[in-house]
J.: 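First the structure, then my questions, so here it is.
Keep in mind that this is a model prediction, so the values were computed, not measured. Both backbone and side-chain heavy atoms feed into the values below; hydrogens, waters and symmetry mates do not. Sequential numbering from 1 along the given sequence is applied to the chain's residues.
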Amino acid sequence: MMNDEVPDEGDFDAGRRRGEFDDITPEDFIRGTGNPPGWLGSDEINRMRNEMPIPYVQIVPVRTDELGRVAQVGSLLRVSDDGSIERTLIAGRVLYHESIREAIARNVAKDLGDIALPVLPSSLQPFTVAEFFPTPGISDYFDARQHAIALCYVVPIAGDCRPQDETLDVEWVDPNGAMLDTFLGQMGNGYGTIVRQALAWAGR
């Protein structure tokens with residue numbers, strides 16, 4: 001789904017039946033009162049985060065050349081909870097009754113806009129699985145809010161990026177350039193490791 005949480009009339013899977021989701025529109029998520037099906041309120045999601053692992057998709061956006069090689073790798077600039085600027089990746093929960101492909105498309109659109117035109121992976125096999133823990137030191141990946149299990153994908157971006165939601169900007173770097181190490185050094189909580197694994201998986 002390319003627009004918010006539910007498909008518009010022209011979306012690729014707009015005709016697929018979703019049971020209780022069939023009458024939900026994007027406006028229900030943006031301006032409606034209460035929460036549509038599959039969307040948890042802040043108290044509910046905080047309770048769930050304290051009781052069970054949460055499934056996520058983690059997306060490394062790339063630009064490719066005419067031969068399909070990674071020419072640039074992207075990162076997002078956001079304002080963190082403490083008000084500082086952080087460099088991170090596209091990430092988001094997989095919602096109830098949402099396929100992994102839909103979760104990838106929705107989270108790309110949420111951060112990069114509807115005309116980013118992501119090239120969705122032909123296989124749902126992730127290049128790695130990153131397990132984020134709320135306790136530092138258990139793994140390379142840390143998330144103070146929750147225990148999250150993230151399926152990680154490299155997704156080529158064919159269109160124009162218009163940062164949305166909490167994303168301030170998208171910055172691109174040459175994977176073979178001198179700035180790559182600087183960018184990765186600015187990514188905390190294990191995101192730099194994910195990018196290095198993504199580039200190795202892509203042959204860079």
Side-chain angles (χ1 to χ4, degrees), residues 4-5 29-30 34-62 73-100 102-113 116 118 126-155 161 163-173 179-201:
D4 299 299
E5 309 292 336
F29 288 86
I30 299 170
N35 292 311
W39 189 272
L40 299 176
S42 58
D43 290 342
E44 291 176 295
I45 187 61
N46 287 336
R47 180 180 63 80
M48 297 292 288
R49 283 169 168 158
N50 288 327
E51 295 180 359
M52 61 182 293
I54 306 295
Y56 268 69
V57 290
Q58 190 86 229
I59 299 152
V60 179
V62 299
V73 60
S75 60
L76 280 54
L77 295 180
R78 289 180 175 157
V79 178
S80 66
D81 292 339
D82 63 9
S84 62
I85 304 299
E86 63 180 0
R87 188 180 298 279
T88 186
L89 297 171
I90 299 169
R93 289 185 291 121
V94 180
L95 300 181
Y96 177 72
H97 215 287
E98 179 180 54
S99 72
I100 291 174
E102 290 168 344
I104 293 171
R106 175 178 58 80
N107 281 287
V108 170
K110 176 175 65 70
D111 287 331
L112 303 187
F127 67 83
T128 193
V129 176
E131 193 168 12
F132 289 80
F133 287 93
T135 303
I138 293 181
S139 79
D140 291 337
Y141 312 107
F142 172 70
D143 187 334
R145 304 169 302 167
Q146 62 192 341
H147 176 189
I149 299 174
L151 307 178
C152 302
Y153 297 92
V154 173
V155 177
C161 296
Q164 308 283 317
D165 198 43
E166 299 174 354
T167 302
L168 302 175
D169 197 9
V170 183
E171 294 188 340
W172 302 90
V173 64
M179 288 299 296
L180 178 65
D181 287 340
T182 299
F183 271 47
L184 297 185
Q186 296 170 350
M187 302 179 80
N189 301 332
Y191 291 118
T193 300
I194 291 174
V195 173
R196 290 192 186 280
Q197 290 177 319
L199 293 175
W201 175 83

J.: With a 4.5 Å limit on heavy-atom distance, are the side chains of Val94 and Leu151 in contact?
T.: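 Side chain of Val94 against side chain of Leu151, heavy atoms only: no contact under 4.5 Å found.
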J.: Nearest 0.5 Å, please: how far is CD in Gln58 from CD1 in Ile90?
T.: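 The distance works out to 9.5 Å.
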J.: Output the distance between atom CG (Leu89) and atom CG (Leu76), rounded to the nearest 0.5 Å.
T.: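 It is 7.5 Å, given to the nearest 0.5 Å.
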J.: Between Gln164 and Lys110, what is the shortest heavy-atom contact and its length?
T.: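 Between these two residues, the closest heavy atoms are CB-O, 2.9 Å.
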J.: To the nearest 0.5 angstrom, please state how far the CE atom of Met179 sits from the CD atom of Glu171.
T.: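 Met179 atom CE to Glu171 atom CD measures 8.5 Å (nearest 0.5 Å).
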J.: Taking the side chain as C-beta and beyond, is there a heavy-atom pair between Val60 and Val155 under 4.5 Å?
T.: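 With C-beta onward as the side chain, the pair stays apart.
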J.: I want to check something: taking the side chain as every heavy atom from C-beta on, are Trp172 and Cys161 in contact at a cut-off of under 4.5 Å?
T.: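 Yes. Closest side-chain heavy atoms under 4.5 Å.
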J.: Quick check: do Ile54 and Arg145 have side-chain heavy atoms less than 4.5 Å from each other?
T.: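 No, side chains not in contact.
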J.: Using residues 127-137 as the side-chain source, report each donor-acceptor pair under 3.5 Å to any protein atom, sequence neighbours left out, with the distance given to one decimal.
T.:
| residue | atom | partner | partner atom | Å |
| --- | --- | --- | --- | --- |
| Glu131 | OE2 | His147 | NE2 | 2.8 |

J.: Verify the distance criterion only: is there a donor paired with an acceptor across the side chains of Tyr56 and Gln146 at less than 3.5 Å?
T.: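 Short answer, yes.
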J.: Just jot down the side chain to side chain contact (heavy atoms under 4.5 Å, CB included) partners of Arg196, sequence neighbours excluded, or say none.
T.: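 In terms of side chain to side chain contact (heavy atoms under 4.5 Å, CB included), with neighbours along the sequence ignored, Arg196 is linked to Asp181, Leu184.
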J.: Starting at CG of Asn107, measure out to CG of Leu112 and round the result to the nearest 0.5 Å.
T.: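 Reported to 0.5 Å precision, the distance equals 10.0 Å.
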J.: Does the side chain of Val108 reach to within under 4.5 Å of the side chain of Pro61, using non-hydrogen atoms?
T.: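 When only atoms from C-beta onward are counted, Pro61 and Val108 do not touch, as no gap falls below 4.5 Å.
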J.: Do Val73 and Phe183 have side-chain heavy atoms sitting under 4.5 Å apart?
T.: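 Counting from C-beta outward, Val73 and Phe183 never come under 4.5 Å.
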J.: Which heavy atom in Arg93 sits nearest to a heavy atom in Ala103, and how many Å separate them?
T.: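 Heavy-atom minimum between the residues: O-CB, 4.5 Å.
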J.: Test side-chain contact (heavy atoms from CB on, under 4.5 Å) on Leu77 and Arg87; report intermediate values, then the result.
T.: CA-CA 5 Å; Leu77 295 180; Arg87 188 180 298 279; 3.9 Å; yes
